[in-house]
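For reference, the structure discussed in these notes is given below.
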Amino acid sequence: MHWQTRRFRIDLSRPRVMGIVNVTPDSFSDGGHHDEARAAIAHCERLVAEGVDILDIGGESTRPGAPRVDADAEWARIAPVLAAAVTLGVPVSVDTWKPEVMRRALDAGADIINDVQALQADGALAAVAGSGAGVCLMHMRGEPVSMMALADYEDVVAEVAAFLSERARLVRAAGVSADCIALDPGYGFAKTAEHNLTLLAGQQRLAALGYPLLVGWSRKRTLGDITGRPVEQRLAASLAAALRAVSAGALVLRVHDVAATVDAVKVWAAVDGATIRPIE
Ligand code: HH2
């Protein structure tokens with residue numbers, strides 16, 4: 001399997017690591033550290049040195065209850081970091097649900113659009129269709145300010161699977177090629193700890209939809225609920241969740257702690273006898 005993006009065809013014969021670059025003053029886990037472009041660019045360079053496969057740049061926090069940022073402010077945060085990131089030799093993703101930011105990011109050379117709203121905003125499909133960009137379609141309900149009130153499912157695995165497969169169908173119908181699409185269960189988005197764990201236990205069903213599965217467990221609240229650890233002490237828990245997700249079919253891991261995750265994935269892949277090949 002592979003994930004086609006604008007400049008890179010990402011080989012998914014082994015799991016890949018997507019490194020998080022938050023250019024937001026209010027991100028839940030590393031807020032304030034990367035809120036200036038220079039620091040964020042240095043962070044991108046460090047992640048590349050640590051072996052990251054994909055950089056994911058975000059200019060608006062999506063943590064529960066996070067305030068909205070308008071498109072101009074979001075783009076002002078992202079633009080200088082994206083300009084530098086696209087020179088680093090790895091695919092660059094932009095984490096946004098706003099069509100205006102998508103369009104500008106694609107004009108500036110982004111390879112992938114990572115959308116927590118699965119391209120449901122008005123104009124989002126049109127912004128990516130025909131661009132050749134990779135897209136990540138994530139499941140959530142509502143918006144970050146309101147989403148936890150919507151954490152109510154009869155069968156969370158079936159409902160997330162139905163949503164993702166319908167979104168993939170619509171995105172393909174709008175002209176995005178199937179091999180550009182990755183799906184994401186959206187751990188922590190409009191889901192309780194129990195929902196997240198049920199979803200992880202049943203994740204193979206999502207992998208069976210036939211698209212690469214991208215997952216984000218890194219430092220999330222459910223890991224704190226299980227271990228009692230604050231956000232800065234969730235590395236071991238994050239690695240455990242990441243490997244459990246890989247065992248259940250995840251092929252891209254969205255993480256903060258790139259070096260540790262790269263090592264963990266190398267060991268996991270070595271056991272399976274997979275060869276370690278660079279991105280084509
Ligand atoms: N999680 C977050 C943000 N974007 N995108 C995808 N595809 N999957 C995820 O699980 C996901 C995501 C939230 O994590 P983080 O970026 O660390 O925090 P913040 O939203 O505060 O920037």
Side-chain angles (χ1 to χ4, degrees), residues 3 5 16-35 40 43 47 53-69 74 77-78 81 91-98 101-102 110-120 124 128 133-141 143-145 147-148 160 163-164 167-168 171 181-191 195-196 199-200 203 206 211-224 230-232 234-235 237-238 241-242 245 250-258 261:
W3 189 11
T5 74
R16 296 287 171 176
V17 176
M18 170 185 262
I20 299 168
V21 181
N22 283 321
V23 202
T24 58
D26 55 358
S27 266
F28 79 88
S29 63
D30 52 9
H33 295 190
H34 306 298
D35 56 349
H43 189 60
L47 297 188
D53 296 303
I54 305 165
L55 290 169
D56 186 40
I57 302 171
E60 179 184 61
S61 175
T62 50
R63 89 185 128 77
R68 282 249 191 126
V69 177
E74 186 180 335
R77 291 174 182 175
I78 293 171
V81 184
V92 181
S93 158
V94 170
D95 186 345
T96 187
W97 58 269
K98 297 189 190 88
V101 175
M102 292 175 189
D111 298 289
I112 296 167
I113 298 297
N114 171 26
D115 183 1
V116 299
Q117 299 277 5
L119 302 177
Q120 291 181 99
V128 300
V135 296
C136 177
L137 307 176
M138 198 194 81
H139 175 272
M140 77 175 290
R141 284 179 175 174
E143 293 175 13
V145 277
M147 65 184 176
M148 290 320 287
V160 170
F163 172 87
L164 290 176
R167 287 309 300 161
V171 168
I181 298 173
L183 303 179
D184 184 336
Y187 290 112
F189 287 85
K191 295 167 193 86
H195 293 138
N196 292 325
L199 206 42
L200 180 52
Q203 193 193 264
L206 305 179
Y211 298 91
L213 213 55
L214 185 156
V215 301
W217 267 99
S218 187
R219 301 182 187 173
K220 281 191 177 162
R221 183 186 297 177
T222 297
L223 303 175
V231 72
E232 67 282 3
R234 294 181 189 160
L235 173 57
S238 299
L251 289 173
V252 183
L253 303 170
R254 182 181 181 276
V255 305
H256 301 89
D257 300 289
V258 166
T261 309

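When a ligand or atom number is given, it counts from 1 through the structure's own listing order.
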Among residues at least two apart in sequence or on other chains, which ones pass ring pair (Phe, Tyr, Trp, His ring centres under 6.0 Å) with Trp3? none

Sub-4.0 Å heavy-atom approach of Trp217 to ligand 1: no

Check contact between Cys136 and ligand 1, using heavy atoms of the residue and a distance below 4.0 angstrom. yes

Considering only heavy atoms, which of Ile20, Val116, Asp184, Leu137 lies nearest to atom 6 (C) of ligand 1? Asp184

Closest to atom 3 (C) of ligand 1 among Leu253, Ile112, Thr62 (heavy-atom distance): Thr62

As an exercise, state the distance from CG of Leu206 to CG of Asp184, rounded to the nearest 0.5 Å. 9.5 Å

Of the listed options Arg254, His256, Met18, Glu60, closest to atom 14 (O) of ligand 1 (non-hydrogen atoms): Arg254

Atoms of ligand 1 less than 4.0 Å from Leu214 heavy atoms? 7 (N)

Heavy-atom closest contact (Gly186 atom, Lys191 atom, distance): O-NZ, 2.9 Å

If the condition is ring pair (Phe, Tyr, Trp, His ring centres under 6.0 Å), which residues does Tyr187 pass it with, not counting sequence neighbours? Trp217

Show the atoms of ligand 1 that are less than 4.0 angstrom away from any heavy atom in Asn114. 5 (N), 6 (C), 7 (N)

Does any N or O of ligand 1 fall below 3.5 Å from an N or O anywhere on Asp56, backbone included? no

Residue from Gln120, Met140, Glu60 passing side chain to side chain contact (heavy atoms under 4.5 Å, CB included) with Trp97: Glu60

Counting only nitrogen or oxygen atoms and a 3.5 angstrom limit, does Lys220 reach ligand 1? yes

Heavy-atom nearest pair, Asp53 first then Arg16, reads OD1-NH1, 3.1 Å

What atoms of ligand 1 come closer than 4.0 angstrom to any heavy atom of Met138? 6 (C), 8 (N), 9 (C)

Any salt bridge between Arg254 and Asp95, counting N to O under 4.0 Å? yes

